[in-house]
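If you read the sequence from its start, that first residue is 1, and numbering goes on from there.
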Amino acid sequence: MRIARFSIDGNVAFGAVEGDKPDELVLDIIKGIPFADFELSGTKVPLSKVRLLPPVLPNKVIAFGRNYAEHAKELGHEVPDAPFAFFKPSTSVIGTGDEIQYPSFSQELHHEAELAVVIGRMCREVPRERVNDVILGYTAANDVTARDVQRREKQWARAKGFDTSCPLGPWVETDLDVAAASDLGIQCTVNGQQRQLGSTSQMITSIPDLIANISEAMTLLPGDVILTGTPEGVGPLQAGDEVAVSIEGIGTLTNKVVKRG
């Protein structure tokens, strides 16, 4: 099931996305929330009539860096001996169609296409063999990075945590298990030109091991998001660019870059 969060006539709701052709997709409005038992209402609205929102509003976004060897290499970094985590605040999250605001303190903004894992229930110290039990589904993410600031500052809080630096969407795909999610194609285009092309099979640390690693340290809450790293090919974004992250079996997340006003 593809679960979207959307706004229509000033109201916010979740809905199940139905259909195959992009111009014929409809939303069956969900009674309740996707983190508990819910029913489909049978009330359907065309996707074209709503505004898609970030598919979840996470309490925290936990991102893992340098989890693809060729990406670490292209930036001149060593592959870490253990998973390397950092945080993006909830205020960094935007949805598909929303604008990425080029931060005033940076001159070098980069895209990073990533698979995002959405947590479905509160959990802690999750054994790797049980991670399927705590995952709601998967979505596409763009770990937008102020690369010059990342190089300049020891902490990545400003470089990767600024407002609008975490596009998520377009929806959460719940019909993937960990095995399937571990072999999906990832692509990023800028103005229609391919920049990144890889597969989640290239991850150094697997999805089960990432979740086991971070849940040793902290409780994960429903709606929390884990970013799993980016393949090689990251590169610059300019105001006016349209950047799209596509993940096989999930969908395409599209955002335009604008100068922060």
Side-chain angles (χ1 to χ4, degrees), residues 1-7 12-22 24-47 50-63 93 95-96 113-123 126-142 166-186 199-201 203 206-212 214-215 220-228 245-254:
M1 180 180 292
R2 294 168 291 177
I3 298 177
R5 181 171 162 269
F6 65 95
S7 173
V12 175
F14 289 96
V17 182
E18 299 179 351
D20 297 316
K21 297 180 180 180
E24 297 179 0
L25 297 179
V26 298
L27 288 163
D28 192 336
I29 297 175
I30 287 173
K31 293 181 179 179
I33 59 173
F35 307 107
D37 292 336
F38 66 85
E39 297 178 355
L40 298 179
S41 67
T43 300
K44 300 183 181 185
V45 294
L47 190 68
V50 309
R51 178 191 170 199
L52 286 178
L53 302 173
V56 290
L57 289 178
N59 175 272
K60 52 187 173 290
V61 178
I62 304 150
V93 174
T96 193
E114 310 207 7
L115 175 71
V117 182
V118 179
I119 298 298
R121 65 180 180 86
M122 187 168 67
C123 57
V126 183
R128 67 181 315 279
E129 63 272 12
R130 294 194 60 191
V131 297
N132 271 322
D133 297 340
V134 304
I135 295 173
L136 174 67
Y138 301 86
T139 192
N142 192 346
C166 189
L168 298 173
W171 41 65
V172 178
E173 175 57 71
T174 66
D175 288 339
L176 293 171
D177 61 14
V178 166
S182 299
D183 190 15
L184 299 175
I186 301 179
S199 170
T200 58
S201 64
M203 288 183 194
S206 68
I207 295 168
D209 286 335
L210 293 177
I211 294 177
I214 199 62
S215 69
L220 302 177
L221 300 176
D224 280 352
V225 170
I226 297 174
L227 305 188
T228 57
V245 176
S246 298
I247 300 186
E248 179 185 4
I250 297 176
T252 299
L253 165 70
T254 303

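- In this structure, Leu115 CG and Ser199 OG are separated by 10.0 Å, a value rounded to the nearest 0.5 Å.
- Residues Pro55 and Val118 have side chains not in contact (no heavy-atom distance under 4.5 Å, counting atoms from C-beta outward).
- Summarising the geometry of Tyr138 relative to Val117, their closest heavy-atom pair is CE2-CG2, 3.7 Å, with the distance given to 0.1 Å.
- Considering all non-hydrogen atoms of both residues, Gly120 and Pro222 come closest at O-CB, 3.8 Å.
- In this structure Glu24 satisfies the salt bridge (charged side-chain N to carboxylate O under 4.0 Å, His left out) test with no other residue, sequence neighbours excluded.
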Is there a side chain to side chain contact (heavy atoms under 4.5 Å, CB included) between Arg121 and Asp133 once you walk through the steps?
CA-CA 9 Å; Arg121 65 180 180 86; Asp133 297 340; 4.1 Å; yes
From CA spacing to verdict: side chain to side chain contact (heavy atoms under 4.5 Å, CB included), Leu27, Val17
CA-CA 5 Å; Leu27 288 163; Val17 182; 3.6 Å; yes
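- Under the rule for a side-chain contact (heavy atoms from CB on, under 4.5 Å), the partners of Ser41 that lie at least two apart in sequence or sit in another chain are Asp28, Ile29, Lys31, Thr43.
- For Leu221, the side-chain contact (heavy atoms from CB on, under 4.5 Å) partners are Asn59, Lys60, Met122, Thr219, Asp224, not counting sequence neighbours.
- Applying the side-chain hydrogen bond (donor to acceptor under 3.5 Å, both in side chains) definition to pairs two or more places apart or across chains, none involves residues 166-179.
- The distance from atom CG of Leu136 to atom CD1 of Ile3, rounded to the nearest 0.5 Å, is 5.5 Å.
- With sequence neighbours excluded, the residues forming a side-chain contact (heavy atoms from CB on, under 4.5 Å) with Pro167 are Ile94, Ile100, Asn142, Val144, Leu253, Asn255, listed by chain and number.
- For Ser206, the side-chain contact (heavy atoms from CB on, under 4.5 Å) test picks out Arg128, Pro208, Asp209, with sequence neighbours left out.
- The CG atom of Leu40 sits 7.0 Å away from atom CD of Glu18, with the distance rounded to the nearest 0.5 Å.
- For the atom pair CD1 of Ile62 and CD1 of Ile226, the computed distance is 5.0 Å after rounding to the nearest 0.5 Å.
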Is there a side chain to side chain contact (heavy atoms under 4.5 Å, CB included) between Thr200 and Ile207? Walk through the geometry before answering.
CA-CA 9 Å; Thr200 58; Ile207 295 168; 5.8 Å; no
